[in-house]
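We name chains A, B, ... by the order of the sequence lines, and we start the count at 1 in each one. Side chains are part of it too, since the values below use all heavy atoms of this structure and drop only hydrogens, waters and symmetry mates. Because the structure is a prediction, the values reported are computed rather than measured.
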Protein chains: 2
Amino acid sequence: MTAPRTQIARAEVLCRERGVRLTDQRRRVLEILCAAGRPVGAYEIMDAMREGPRVVAPPTVYRALEFLLEQGLIHKIESLHAFVGCDHPEHPHSSEFLICLECGGVAELKDDAVERSLASVTRESGFLPRRRVVEVMGICARCARKEACRRKEEAERSPGPVD
Amino acid sequence: MTAPRTQIARAEVLCRERGVRLTDQRRRVLEILCAAGRPVGAYEIMDAMREGPRVVAPPTVYRALEFLLEQGLIHKIESLHAFVGCDHPEHPHSSEFLICLECGGVAELKDDAVERSLASVTRESGFLPRRRVVEVMGICARCARKEACRRKEEAERSPGPVD
DNA sequence: GGTCGGCACGTTATAAGATATCATGGCGTC
DNA sequence: GACGCCATGATATCTTATAACGTGCCGACC
């Protein structure tokens, strides 16, 4: 994961280059997302913004999110109804996401093989792709290791039937 | 797409084999989904059910949907908040979906290359996958053809600047 | 034959996510 | 200084989803 500070700085540069405005509200939403480093829902973002100078209503948050999505600075995780900062916003892209059911963490991948196979299967169908959603839910490496340790310890304490 | 009647019949058999109950409500939801042949939202299903003998409330619909999902008889399209009947419910699986932005139609694919590449990239990350969401939004072949025809006709009527 | 437990369903209420609509206010252009 | 554009404010509402609790059927078991 990229450091939040860096992500904001890159976003500033990109927006300037593109001639679009990274306003206070928009930057604030981006900051919240980057600082969290995990998927955050629109209303959670709204709550976080209430900490600041003024109260905001849902449309404000959704407008900022819409802008950030358009600029490729964040992604929406459809299966979670939540948003994450993008790890490499330099060029617009769709990514693949690995979502841990245990810790809620999300890893953003960019895998050529996945993209090639998807491109080829859509092409075969005569389908013109515009946006891709690829989300894999499961258990991340860290949580899997933890779980394995836990089981081992348990087994050592009471060596008996195992499920 | 499979004929709705066939899909229901197969579901009956599968449920009997598995020792689970395809109750009236559950079958009704499945019928509505299969008859539609396109993604249908939970509340639209609810409205369709109101046509029948009794009024149903959201939890009833969601419970039926949950059952059908568990049995692999339907799929949820995350990016549409909607559900579709499964084309081949014989063995549990995740599929890839092509969603047309023009006509709203959905095609269910099962592509080995996509699955292999996804499996390999998750394995590399030490990630244990449980459920996959692969949805490609775009324009289906039929709509693309129609659009092409429309443009051609327009060009013939007024041969001028093209966008 | 009664009763106990599990399961499906009913009912009410509400949480969570998203958008429509109209008003306001800053800021640059001409 | 009037106009238009864009971002935001504010209110209301819509859509999607779930929590919590109650009822009734039905088979297992005594």
I'd like a list of close polar pairs between nucleotides 5-7 of chain D and the protein, N/O only, cut-off under 3.5 Å.
unit_1, atom_1, unit_2, atom_2, d
D:dA7, OP1, A:R26, NH1, 3.3
D:dA7, OP1, A:R26, NH2, 3.4
D:dA7, O5', A:R26, NH2, 3.4

Any salt bridge between [X] and [Y], counting N to O under 4.0 Å?
X: B:E78; Y: A:K76; answer: no
X: B:E102; Y: B:R142; answer: no
X: B:K110; Y: B:E115; answer: yes

- Quick one: closest heavy-atom pair of B:E108 and B:S95, and the distance?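 Taking B:E108 first and B:S95 second, the nearest heavy atoms are OE2-OG, 2.8 Å.
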- ring pair (Phe, Tyr, Trp, His ring centres under 6.0 Å) with B:F97: which residues, sequence neighbours excluded?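 Listed in chain order: B:H75.
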- Task: Can you sort out the partners of B:Y62 under ring pair (Phe, Tyr, Trp, His ring centres under 6.0 Å), two or more places apart, ordered by chain and number?
- Result: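 Scan of B:Y62 (ring pair (Phe, Tyr, Trp, His ring centres under 6.0 Å), adjacent residues dropped) gives none.
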- Item | side-chain hydrogen bond (donor to acceptor under 3.5 Å, both in side chains) partners for B:E12, two or more places apart |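 Per chain and number, B:E12 pairs via side-chain hydrogen bond (donor to acceptor under 3.5 Å, both in side chains) with B:R27.
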- Message: Just to verify, what does B:T60 make a side-chain hydrogen bond (donor to acceptor under 3.5 Å, both in side chains) with, not counting sequence neighbours?
- Response: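 Listed in chain order: nothing, the list is empty.
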Calculate the interatomic distance between [X] atom [atom1] and [N] atom [atom2]; express it in whole Å.
X: B:Q71; N: C:dA8; atom1: CD; atom2: C1'; value: 14 Å
X: B:E66; N: C:dC7; atom1: CD; atom2: P; value: 13 Å
X: A:I77; N: C:dG17; atom1: CD1; atom2: C1'; value: 16 Å

Could you write out each protein N or O paired with an N or O of nucleotides 14-22 of chain D at a distance under 3.5 Å?
unit_1, atom_1, unit_2, atom_2, d
D:dA17, OP1, B:K76, NZ, 2.8
D:dA17, OP2, B:Y62, OH, 2.9
D:dA17, O5', B:Y62, OH, 3.4
D:dA17, N7, B:Y43, OH, 2.5
D:dA17, N6, B:Y43, OH, 3.1

- Message: Less than 4.0 angstrom between a side-chain N/O of A:T60 and OP1 or OP2 of D:dT8, yes or no?
- Response: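 Checking D:dT8 against A:T60, no side-chain N or O comes under 4.0 Å of OP1 or OP2.
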